[in-house]
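Contents: one structure, followed by commentary.
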Amino acid sequence: MRRALARSPERRFSGPQSGAGDPWSVPSNASLAPLTAAGVPVTEDTAMQLLAVAACVRILSTTVAGLPFDAVRMRGELRETMEPPPGIVSDPFGGASDTSMPTRRAGFTQMMVSLLLRGNAYAAITARDGLLRPTRLRVLHPDRVQCRFDDAGRRTYKISRKPVDAADMVHLMGMGMPESPTGMSVISYARQSIGLGLAAEEFGSRFYGQGAHLSGVISLDGDLDKERARQLKESFSASHSGLQNSHAVGVLSGGAKWTPISVSPEDAQFLGTRAAQNIDIAMLFGLPPHMLGQVDRTTSWGTGIEQQSLGFLRYTLASWIGTFEDGWSAMLPKPQAARFNVDALLRTDTAGRYAVYSMARNAALMTPDEIRALENLAPLPDGKGTDPFAPLNSAHTDAPQGDAGAQTPKSAAESGQEK
């Protein structure tokens, strides 16, 4: 038994712990990860070294964090935006009034990164108002939080191994298995595919950086001793290697011949492997391939940028947006709710926007002031833009209205009358 274990030890990699900065934090769930079949370890830290993974995490986290976030009051089927919104919606992390704290955008970005890489995002409620409603949050690193079910099926939490009331925690979950208190880490489940991408990148770097193949061979008739061969190699390399010697003319004497060695298709296959891995990573995170620079093939996400953005919103962002909206709506009194404004993602060209505005005005769905607000313009003065039923060809004037039969100066001139 001992000999068998000695012959096949389990290969593990002591990767860097995700920096929570707390000596009592729970170690990363992948800080001691066995090597993948490709021979490289995959943790949430090493996965971010793969360009496709880093791009997917950046695009998704910054897109969600950059959307306007509002509080609405539901009146039956009608939705009314609250002005001003509660502090837990407008400035949940305190960065708007204190530069030492993260802004809403920064806090949402951190929570999205946790969701994408670890399947869970945590925040602790640090302040409440007089009605015990949450007013301030602090984003927590997933390594510091331990979540379990108690005997009654309720979640219990520990921060740095210290129990915390569940009412003081905000827990956003990604995909999860039934009866699991936490979400699934896509990095853990797709580690073989990510490991293949990391291995391809490492091979490419060594291929070009350390010379994984010979560029050519100098051949001579007869045998050379080691010293003479070394001198010939160093002399040739000094004269022809490097950028400054590119395209220079070389001279070989003594019957020496230079034979270049081309890259075989098998050695260059890693380029195709990398392209295939980009598609796999995009599929894993639900991004259309063109967002990762894969524009060499057709896409089924739509024919135009607007249609592709709509598909990205519907099939990818909607789930993450709903996760944040549910978590924040639970902290608001009913019938208030938190909602993202996704209109900015669907913003089209100027002609298209104006055509939509015209149809909305004809159907009395939008007022002129609402349209001007979408174009970052000030409202019309004296409330002239608040009437959704005002005709499009109506002219507002402050001049007094004359009698119905009175002629305007223009009509009088046209009729030939003089004063």
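Below, all heavy atoms of this structure are taken into account, side chains as well, without hydrogens, waters or symmetry copies. As the structure is a prediction and not an experimental result, all values here were calculated from the model.
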### Query
Is it the case that R144 and S160 place a side-chain donor and acceptor less than 3.5 Å from each other?
yes
### Task
With the side chain counted from C-beta on, respond yes when M184 and M177 share a heavy-atom pair under 4.5 Å apart, and no when they do not.
yes
### Query
Quick one: CZ on R314 to OG on S319, what's the gap to the nearest 0.5 Å?
15.0 Å
### Task
Please assess I321 against L313 for the test side-chain contact (heavy atoms from CB on, under 4.5 Å), listing each intermediate value before the final yes or no.
CA-CA 9 Å; I321 287 175; L313 171 62; 4.0 Å; yes
### Query
Can you check whether M169 reaches I159 side chain to side chain, under 4.5 Å on heavy atoms?
yes
### Query
Distance from I371 atom CD1 to M366 atom CE, nearest 0.5 Å?
5.0 Å
### Query
Does anything in residues 167-176 pair up under side-chain hydrogen bond (donor to acceptor under 3.5 Å, both in side chains), and if so which pairs, sequence neighbours excluded?
N120-H171, R128-D168, Y157-H171
### Message
Return the CD1 to OG1 distance between I194 and T36, rounded to the nearest 0.5 Å.
### Response
10.0 Å
### Nearest atoms (heavy-atom pairs only) where L172 meets T323
CD2-O, 3.7 Å
### Message
Applying side-chain contact (heavy atoms from CB on, under 4.5 Å) to N341 and L67, what does each step give before you reach the verdict?
### Response
CA-CA 6 Å; N341 187 350; L67 292 175; over 6 Å; no
### Exercise: identify the closest heavy-atom pair between A71 and L332
CB-CD1, 4.5 Å
### Task
Apply side-chain contact (heavy atoms from CB on, under 4.5 Å) to T367 and D387, showing your working.
CA-CA 6 Å; T367 66; D387 185 7; over 6 Å; no
### Query
Shortest non-hydrogen contact from A52 to N278?
CB-OD1, 3.4 Å
### Task
Output, in order, the C-alpha distance, side-chain angles, deciding distance and verdict of side-chain contact (heavy atoms from CB on, under 4.5 Å) for M112 and T63.
CA-CA 10 Å; M112 268 299 295; T63 301; over 6 Å; no
### Message
Is it the case that over 12 heavy atoms from other parts of the model lie below 6.0 angstrom from the CZ atom of R372?
### Response
yes
### Query
Any side-chain heavy atom of T43 sitting closer than 4.5 Å to one from T46?
yes
### Task
Go through the structure and list residues passing side-chain hydrogen bond (donor to acceptor under 3.5 Å, both in side chains) with D326, not counting sequence neighbours.
none
#### Entry: Contact check, side chains of V64 and M111, non-hydrogen atoms, under 4.5 Å
no
### Side chain proximity check, R339 to S329, heavy atoms < 4.5 angstrom
yes
### Query
For Y354, does its backbone N or O pair with a side-chain atom of S358 as donor and acceptor, under 3.5 Å?
no
### Message
Could you work out, with side-chain hydrogen bond (donor to acceptor under 3.5 Å, both in side chains) as the rule, every residue matching R155, not counting sequence neighbours?
### Response
none
### Task
Taking all non-hydrogen atoms of both residues into account, name the closest pair between L287 and I59 and its distance.
CD2-CD1, 3.7 Å
### Task
Search all heavy atoms of V53 against all heavy atoms of M48 and return the closest pair with its distance.
CG1-SD, 4.3 Å
### Message
Using a 3.5 Å distance criterion without hydrogens, assess whether the side chain of D150 forms a donor-acceptor pair with backbone atoms of A152.
### Response
yes
### Message
Any heavy-atom pair between the side chains of C56 and I281 that's under 4.5 Å?
### Response
yes
### Task
Check the surroundings of atom OH in Y189: do more than 12 heavy atoms from other residues, nucleotides or ligands lie under 6.0 Å from it?
no
### Message
Distance check, rounded to the nearest 0.5 Å: M331 atom CE versus I88 atom CD1?
### Response
4.5 Å
### Flag side-chain contact, heavy atom, 4.5 Å: T81 against V72
yes
### Summary
Taken to the nearest 0.5 Å, the spacing of M283 CE from L292 CG works out to 12.0 Å
#### Entry: Euclidean distance, L60 CG relative to T109 OG1, rounded to 0.5 Å
11.5 Å
#### Entry: side-chain hydrogen bond (donor to acceptor under 3.5 Å, both in side chains) pairs, two or more places apart, involving residues 83-103
D98-S100
### Message
Within the 4.5 Å heavy-atom criterion, are V40 and L35 side-chain neighbours or not?
### Response
no
### Message
Please find the pair of heavy atoms, one from H141 and one from R118, that lie closest to each other, and give the distance.
### Response
CE1-NH1, 4.1 Å
### Task
Kindly write out the residues that satisfy side-chain hydrogen bond (donor to acceptor under 3.5 Å, both in side chains) with Q192, not counting sequence neighbours, or none if the list is empty.
none
### Query
More than 12 foreign heavy atoms under 6.0 Å from NZ of K162: is that the case here?
no
#### Entry: Backbone of G286 reached by a side-chain donor or acceptor of T316 within 3.5 Å
yes
### Message
Going by side-chain hydrogen bond (donor to acceptor under 3.5 Å, both in side chains), name the residues that satisfy it together with S193, two or more places apart in sequence or in a different chain.
### Response
Q277
### Query
Which word best sums up how the rings of F340 and F69 line up, parallel for under 30°, tilted for 30 to 60°, or perpendicular for over 60°?
tilted
